[in-house]
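Quick caveat: nothing in here was measured; it's all calculated off a predicted structure. Both counts, for ligands and for their atoms, begin at 1 and track the order of listing.
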Amino acid sequence: MAQQIADRRDIDFVLHEQLQIESLFKHARYQDLNRKSADMVVTEARRFGLKEILPTYGEGDREGVGYEDGQVKVPSCFYGPYKHYVDGEWIAMEEDPEVGGQGLPQVIAQAAREYIVGANFAFAAFGILSHGTGKMIELFGTDLQKKLFLKKVYSGEWAGTMLLTEPEAGSDVGALTTTARKNDDGTYSLTGNKIFITCGDHDVTENIIHPVLARIEGAPAGTKGISIFLVPKFWVHDDGSLGERNDIVCTGIEEKMGIHGSPTCSMAMGSRGTCRGMLLGEANRGMAIMFHMMNEARLGVGQQGYLHGSSAYLHAAEYAKQRVQGRDIAAARTPDATGVPIIRHPDVRRQLMRMKALVDGMRSFTFYVAYLFDLEATATDATEKDRFQGLIEYLTPVVKAYCSDRGMEICDLAMNVFGGYGYTREYPVEQLMRDCKIATIYEGTNSIQAMDLLGRKLGLKKGEVFMQLLREIRQTIQTAEKIPGLQPLCGRLDQLLNRYGETAVFLGKRAMSPNVKAAFVQAYPFLDVTGDIVMAWMLLWRAAVAQPKLAALLDGAEDPAARIAANKDAAFYDGQIKAATYFIHSQLPVTEGKINGILEGEAAAVLDAAEKSFGG
Ligand SMILES: Cc1cc2nc3c(=O)[nH]c(=O)nc-3n(C[C@H](O)[C@H](O)[C@H](O)COP(=O)(O)OP(=O)(O)OC[C@H]3O[C@@H](n4cnc5c(N)ncnc54)[C@H](O)[C@@H]3O)c2cc1C
């Protein structure tokens, strides 16, 4: 079976036909870029992903991570490609070349990462964490910290991590107990234990810079008293040379369901009393610093989730064309009818169509959010900047949770298409499904995302950000309404937007009332509905771009179906109309049902006595 990650034609469609990212190249920051150079980046990432990273996917999973005598051992096939990950400057593509980046817009980096993250997330994570560490240093580090660490971590020569979680502090980060005491030389001594730390230790790089959340002795309880420290595995002297091994060690690794090539480490700091760190930014500002990183990190996890779905879908589509089983239902009464590829069966088609619509919609959604970052960064008008920032804030929990949950759903559907073979290790879908799940859990579980959407984002600027989102969607509807054939889709989405507005008002009021639990028991359904609406928006937008191009390609055709079958572009554009039609007419009525469920106001699960109803 051909190895599959992501559909290049579709990536180009979103970049150049839907979002028309060329407008960014007019900005001074990107003046050296043009469509050709942007496409070359994606082409090279595709080559790197398919040829060098993808072969590590199954192998890394089978070999897994080892832990012996306190040393973490990553899959041996990772070392070679990691060198090229660094040499190719893939780790911090969107950062300034002066600090080790390629100076690309986020949206192009996002497109390139489809092939890097999509090829093997367990491998890509080494770079993703380094990039995140670098970003915090760039934004909040002292000149010395930048001099010592920035280029090293942005390039990937040294790795980064993120140490938040403790046994008693998972979703509730404010409960952490790791402490820091100031030393006479201005450094801090840290003591504590962290768990579940991705890439917490390894020998892929010669040094690791750990950002650690901890509380300075005497600081306030809860999130207000949290600071962030840079704790190098090997101390780095002011001249950049490596010093002694720091007292931060991996005490074990997790045995887990998926991402077997990724070390998930328990970390002990200060067991010998000599774990040294440097304060990053101001004391007690650790959570604020983390929040600066959060939106990009959550977009990344959403992308991670949906890319597992993208790969699973492409494998399923190819398999469905090859696997012969059963006769065509339309020829059921024909005695000599022979077996057909399973793609001919309506229920297989239904599943493929759902996968396609979700994958296409989520690619547009994730690229759109990445593009908002670029628009925000390049906007000169303060109102425009605010508009983009608001949309990023509102959509971030949705992109993280919806794309990871739908990624899982797609893996499940793909496994169905493979039948029993899908459940075996002979095909990659079972691994994709195992690997995908974590995206729904870390970087804030999807339940926490839903609470963020309802509790913080819905009321942003007294609901103005929410209203802005509705205006953006309505603008697409207005454009699409003028295109022949799309009016019924527009009407359906427009009608649902009104119901969505009602739902927001209903839950918003409840969230402010003493009945707050009855609001938050519907937080996840509200996020889910939001995701469905965003999908419908993205798919309608795609259809509005595709329909005129399809019409031009079919101009004068005596047999449009034959022309579509014979012309790749026509088939591609036709696929956009079909995906939008499927989603808006089949999914939105279900979404309306979900809305009705929310508006019923039912809250049995959170009634005081209900706790006794669960379990034995
Ligand atoms: C493979 C892997 C890699 C990881 N990598 C890292 C890493 O690099 N760095 C790091 O710091 N952490 C990492 N984590 C930790 C991860 O971020 C946490 O597991 C996650 O935040 C959830 O915390 P928890 O496991 O303690 O679950 P809990 O917080 O105990 O949550 C259990 C359940 O209760 C729900 N819940 C909890 N509080 C609330 C609430 N207030 N309202 C509604 N529901 C709630 C949750 O949604 C969840 O369903 C990783 C975890 C794994 C498994």
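The protein non-hydrogen atom at the shortest distance from atom 8 (O) of ligand 1 is T198 N, 3.0 Å. Nearest protein heavy-atom neighbour of atom 14 (N) of ligand 1: F196 O, 3.3 Å. Among protein heavy atoms, atom 26 (O) of ligand 1 sits closest to G170 CA, 3.2 Å. Protein heavy atom closest to atom 47 (O) of ligand 1, with residue, atom name and distance, is T445 OG1, 2.7 Å.
Taking every non-hydrogen atom of I197 and a distance limit under 4.0 Å, the qualifying atoms of ligand 1 come out as 7 (C), 8 (O), 9 (N), 10 (C), 11 (O). Less than 4.0 angstrom separates some heavy atom of M162 from each of these atoms of ligand 1: 7 (C), 8 (O), 9 (N), 10 (C), 11 (O). Proximity to S447 (heavy-atom distance under 4.0 Å) selects the following atoms of ligand 1: 47 (O).
Residue M451 touches ligand 1 through its side chain alone, judged by heavy-atom distances below 4.0 Å.
Remark: ligand 1 and T264 share no N or O pair separated by less than 3.5 Å (distance only, no angle test). Of the N or O atoms in S171, one or more lie within a sub-3.5 Å distance of an N or O in ligand 1. Of the N or O atoms in Y442, none lie within a sub-3.5 Å distance of an N or O in ligand 1. The shortest N or O to N or O distance between L163 and ligand 1 is not below 3.5 Å.
In the displayed structure, E282 atom CD is contacted under 6.0 Å by at most 12 heavy atoms of other residues, nucleotides or ligands. Within a 6.0 Å radius of CD in E611, other residues, nucleotides and ligands contribute 12 heavy atoms or fewer. Sparse packing is recorded around CE of M512, with 12 or fewer heavy atoms of other residues, nucleotides or ligands lying under 6.0 Å away. Open room surrounds OH on Y423; 12 or fewer heavy atoms of other groups in view lie less than 6.0 Å from it.
In this structure, atom 4 (C) of ligand 1 has protein heavy atoms in its sub-4.0 angstrom surroundings. Within the 4.0 Å cut-off (strictly below), no protein heavy atom is located near atom 30 (O) of ligand 1. There is a protein heavy atom less than 4.0 angstrom from atom 51 (C) of ligand 1. Protein heavy atoms are absent from the space less than 4.0 angstrom from atom 34 (O) of ligand 1.
Among L164, L129, T165, the residue whose heavy atom sits closest to atom 12 (N) of ligand 1 is T165. Considering only non-hydrogen atoms, atom 53 (C) of ligand 1 lies nearest to I438 out of I448, I438, I441.
A salt bridge links R406 and E409; the closest N-O separation between the charged side-chain nitrogens and carboxylate oxygens is under 4.0 Å. Look at R113 and E94 and you find a salt bridge, because one of the NZ, NE, NH1 or NH2 atoms lies within 4.0 Å of a carboxylate O, short of that distance. A salt bridge does not link K256 with D435: every distance from a Lys NZ or Arg NE/NH1/NH2 to an Asp or Glu carboxylate oxygen is 4.0 Å or more.
Among the candidates F123, W90, F126, the single residue satisfying the ring pair (Phe, Tyr, Trp, His ring centres under 6.0 Å) test with Y85 is F123.
Among residues two or more places apart in sequence or in another chain, the side-chain contact (heavy atoms from CB on, under 4.5 Å) test is passed with K151 by none.
The list of salt bridge (charged side-chain N to carboxylate O under 4.0 Å, His left out) pairs with a residue in residues 506-521, not counting sequence neighbours, is empty.
Taking the six-membered ring where tryptophan is involved, the planes of H308 and Y57 are tilted, since the angle between them lies from 30° to 60°.
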